[in-house]
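Structure, as structure tokens:
Heavy atoms only: backbone and side chains are in, while hydrogens, waters and symmetry mates are out.
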Amino acid sequence: MASTSRYLSTFPQILRCATGRRFPFLRVFTSSAHRWSSTSLEPKIIPENEDKKKNTPDVNISGKTIIKKIFNTDIHLDPKDNEQNEESQNIEADPMDMVNENQSKGSKIHDIKSKVNKKQGQPNGDSRLKNEKSPVEKVLKQIKNESEIEKIIQLSVEGLETHSKHPKDVHRILTNGLQRISILSIDNESSVLNDENFKQLIEYVETNYKKLSLKELLDCSCSLISLFPEDVTVVELVENELMWKIREADLDLVIELHKCHESPKTQLRKTVRVHCEGIIKRRMTETKPGHLMYLMKHYSTRKDTKFFYKLEDRVFDLIDHMSVNNYCNIIIYSAVRGSRNESLLRLVLFYLNKTYKKRHIQQICSLLFSCGKLAIYDIDLFNKLSADIMKSDLSSSKFTLNILKSASILGWRHEETLSCLLEQLVNENQELDLADVENLLFSASTLNYCPEDKAELLQSHCLKLIDTCTKETSPLPWLNIVWSLAVLRKATPELIATVLEPEFIKHLEQGGTNKWQYQPKILGINSAAHFDVPDYSGAYLPQEFLSECEQGKNSAVKKTMCDDVSSALETFAAEDQFWKRNTMTENGNKIDVELYVDNSGLPIEYVNVQETSPDYHRVAVKVLGFHDLTIPEKLLKGPVDMEIRHLGYQGYKVLTITHSEWIHIKTTEKAEYLKHKLKELVL
């Protein structure tokens with residue numbers, strides 16, 4: 001093959017000499033033959049006058065020469081290597097050998113480097129060099145460990161002067177020094193700004209700010225805006241340079257600059273933040289889960305609602321790349337914002353339950369509160385959180401009380417969890433103030449949960465608070481405490497008397513408390529004094545107060561359900577003739593629908609009613625919405641249970657219609673359902 005190539009390479013010259021210019025048609029064949037010969041596998045012959053270094057292939061360089069070029073290692077080259085290098089120029093190269101050698105070049109270099117750096121009787125050379133810190137690293141370590149601002153400034157100035165020939169080292173000393181100064185100068189900025197050495201640092205920034213990289217500018221900016229309350233010259237120079245350079249920067253740096261200007265105090269700093277926000281909005285598709293969490297947290301308290309919706313849309317794109325912590329934070333930030341995007345929350349809850357891991361007690365507390373605010377009722381998630389609560393350290397009464405309060409908002413009546421929480425809160429060694437006792441009792445009464453072994457300790461906590469005269473200074477919290485005990489049937493005659501006395505009601509009215517906040521609770525305590533506490537001998541509410549009380553308004557959902565029940569009753573019994581809606585008893589108990597029925601359960605007219613006759617029954621219909629029941633067992637919550645109990649004491653037969661049952665009944669069958677329930681009630 002080589003001999004054939006040599007003949008082909010000389011053939012065009014023979015043709016050129018033989019033909020001259022008489023046969024131009026042969027030139028095409030001549031050029032083709034020349035191109036064919038140039039593609040031969042035979043190595044190109046290098047003229048003697050050419051520089052061999054420029055034409056020698058990389059594959060023929062020896063290993064020590066590679067190390068010298070790449071790592072600048074002073075190695076004594078063996079003369080044999082030079083001889084082999086010269087001989088290799090005349091050796092024919094095989095293409096397959098070139099490919100194999102290129103693939104293994106990196107591993108060979110690594111092996112040779114490790115052999116060169118490693119000496120006999122010593123550890124590996126790389127680790128030995130790492131342990132020997134450069135002078136710059138020593139300066140940075142001193143700055144980081146120093147706690148006196150003056151010493152840090154002195155070290156920074158000396159470092160700038162000593163390493164002035166190495167710009168990268170100077171910039172590292174400058175940025176680290178400014179960061180450390182800004183951290184330690186929170187309380188004494190004025191003394192730092194007047195320091196002469198510090199002024200030298202600022203002068204260096206003013207002179208060389210264009211030489212700093214974007215990351216170094218960013219570090220300087222974060223330090224300077226914390227040191228200078230106003231926009232001085234150095235701040236203006238750095239901020240304007242940042243706005244120019246940040247446009248094409250990586251989004252991580254844009255987010256970091258936005259974090260530094262999260263709470264701007266001057267117009268220039270507001271401009272920088274707005275500039276960053278514009279870049280982020282244009283490059284929304286580049287955001288990562290970490291960026292998204294920061295932005296959702298930042299905009300959860302801002303007025304820009306449209307952009308928060310864009311962030312929620314971005315969650316759908318990144319949902320597969322997020323962690324359990326991200327899923328929890330999305331729910332928390334949505335609750336802070338008050339944004340109940342059902343499709344988003346369903347998706348996040350699906351991934352959260354799928355990839356759930358043990359959570360810290362603080363995040364459990366925030367997550368439960370957010371679920372309560374957003375009306376999220378996910379039984380699977382609550383079961384997992386409850387399991388984590390019972391395994392967690394509940395030494396902090398703050399978190400324990402907040403979890404209990406969130407559970408009461410959700411209506412989550414998980415008895416094992418509640419027992420664990422109360423066991424920690426209600427003990428003889430635990431010191432609870434007025435607000436703690438209020439939250440504890442309010443939550444327990446809402447969930448209608450108070451074991452007998454905890455009741456005595458709860459009563460003792462409340463009786464201790466009577467002597468502190470809190471009922472005069474904090475009338476509403478004290479009312480909540482007594483009302484909660486009344487709901488649980490644990491209120492003593494002494495506690496009830498402190499609320500029903502006329503002076504306490506004056507304190508409530510004079511304190512500016514709204515009537516809807518205290519009237520229903522005062523009425524409930526008054527009924528408890530009549531029916532739940534037989535030993536009570538104190539004052540009761542006057543008749544004038546009862547006549548002035550107004551019924552509380554139902555929620556929109558509950559009002560719709562009450563109207564639906566009334567429409568079904570209207571089909572077989574006319575309103576005002578057979579029944580009335582929204583009435584109150586003499587003790588202030590609210591009734592959604594009041595009517596009389598005979599022994600067969602059929603409604604009868606009011607004119608024919610004889611209350612003392614055993615053939616008539618007084619019926620109170622109570623419509624119960626979703627929030628009147630606990631989950632998952634759907635038991636009555638404490639306030640509803642107390643109201644139904646007191647209606648029974650007053651001679652009513654109470655018919656409860658729950659939301660979970662009513663929505664599954666067809667419209668044409670609702671009247672028959674009510675007839676059947678009334679008949680069951682009296683039989």
Side-chain angles (χ1 to χ4, degrees), residues 368 371-372 375 377 379 382-383 386 389 400-426 436-459 461-462 479-492 495-496 520-533 552 555 558 587-590 592 620 622-650 652 654-661:
L368 281 173
C371 289
Y377 302 96
I379 305 301
F382 295 162
N383 284 329
S386 297
I389 290 171
T400 308
L401 284 168
N402 287 338
I403 291 173
L404 187 61
K405 184 177 180 180
S406 300
S408 67
I409 294 172
L410 291 166
W412 176 246
R413 196 177 188 276
H414 191 271
E415 293 196 5
E416 293 182 8
T417 306
L418 294 177
S419 177
C420 183
L421 295 173
L422 289 178
E423 186 69 31
Q424 178 64 29
L425 291 170
V426 183
D436 294 338
V437 174
E438 179 189 6
N439 290 332
L440 171 59
L441 287 172
F442 194 86
S443 302
S445 63
T446 301
L447 295 171
N448 202 12
Y449 179 81
C450 185
E452 291 296 331
D453 58 337
K454 308 292 190 304
E456 294 183 1
L457 289 172
L458 282 173
Q459 289 176 342
H461 278 300
C462 297
L479 174 65
N480 291 333
I481 289 174
V482 178
W483 175 79
S484 300
L485 288 171
V487 169
L488 296 170
R489 292 192 244 189
K490 305 300 179 185
T492 61
L495 292 170
I496 291 179
K521 295 173 183 175
I522 287 278
L523 294 174
I525 294 172
N526 188 62
S527 295
H530 279 287
F531 307 117
D532 292 332
V533 187
S555 63
K558 196 170 180 179
N587 291 308
N589 300 112
K590 179 184 174 183
D592 295 317
K622 291 290 294 182
V623 177
L624 305 180
F626 179 80
H627 297 287
D628 294 324
L629 304 174
T630 63
I631 54 176
E633 293 88 358
K634 296 181 181 179
L635 302 174
L636 293 174
K637 287 187 176 179
V640 179
D641 185 43
M642 182 176 70
E643 201 166 15
I644 292 174
R645 183 173 71 245
H646 291 169
L647 287 172
Y649 286 139
Q650 297 174 67
Y652 285 92
V654 182
L655 172 61
T656 57
I657 302 175
T658 61
H659 179 267
S660 57
E661 292 179 349

If the condition is side chain to side chain donor-acceptor pair (under 3.5 Å), which residues does Trp483 pass it with, not counting sequence neighbours? none
Mind checking what makes side chain to side chain donor-acceptor pair (under 3.5 Å) contact with Asn448, not counting sequence neighbours? Asp641
Residue Lys405 excluded, over 12 heavy atoms near NZ under 6.0 Å: no
Would you say Phe382 has more than 12 foreign heavy atoms packed within less than 6.0 Å of its CZ? yes
Set of side chain to side chain contact (heavy atoms under 4.5 Å, CB included) partners for Pro451, sequence neighbours left out: Leu422, Tyr449, Asp453, Lys454
Looking at residues at least two apart in the chain, or sitting in another chain, which of them share a side chain to side chain contact (heavy atoms under 4.5 Å, CB included) with Ser386? Trp412, His414, Thr417
Which distance, rounded to the nearest 0.5 Å, do you find between the [atom1] of [X] and the [atom2] of [Y]?
X: Leu368; Y: Ile389; atom1: CG; atom2: CD1; value: 5.5 Å
X: Leu440; Y: Ser445; atom1: CG; atom2: OG; value: 9.5 Å
X: Asn589; Y: Arg645; atom1: CG; atom2: CZ; value: 10.5 Å
X: Asp532; Y: Arg489; atom1: CG; atom2: CZ; value: 6.5 Å
X: Leu636; Y: Thr656; atom1: CG; atom2: OG1; value: 7.0 Å
X: His646; Y: Asn587; atom1: NE2; atom2: CG; value: 9.0 Å

Donor-acceptor check, side chain of [X] to backbone of [Y], threshold 3.5 angstrom: yes or no?
X: Asp592; Y: Val623; result: yes
X: Lys637; Y: His627; result: yes
X: Glu643; Y: Lys590; result: yes
X: Thr630; Y: Leu447; result: no
X: Asn526; Y: Ile522; result: no
X: Gln424; Y: Cys420; result: no

Can the ring centres of His659 and Phe626 be said to be less than 6.0 Å apart? no
Is the closest basic N to carboxylate O distance between Arg413 and Glu415 below 4.0 Å? yes
Checking side chain to side chain contact (heavy atoms under 4.5 Å, CB included) for the pair Ile525/Leu479: CA distance, chi angles, key distance, verdict? CA-CA 9 Å; Ile525 294 172; Leu479 174 65; 3.6 Å; yes
Which heavy-atom pair separates [X] from [Y] by the least distance, and what is that distance?
X: Ile379; Y: Pro632; value: CD1-CB, 4.3 Å
X: Leu488; Y: Ala444; value: CD2-O, 3.8 Å
X: Thr446; Y: Ser408; value: CG2-O, 3.6 Å
X: Leu647; Y: Ala620; value: CD1-CB, 4.2 Å

Quick one: salt bridge (Lys or Arg N to Asp or Glu O under 4.0 Å) pairs with a partner in residues 439-450, sequence neighbours left out? none
Kindly state each residue pair satisfying salt bridge (Lys or Arg N to Asp or Glu O under 4.0 Å) with at least one member in residues 625-635, sequence neighbours excluded. Lys558-Asp628
Which residue, Leu421, Leu404, Leu418, Asn402, forms the side chain to side chain contact (heavy atoms under 4.5 Å, CB included) with Ser443? Leu404
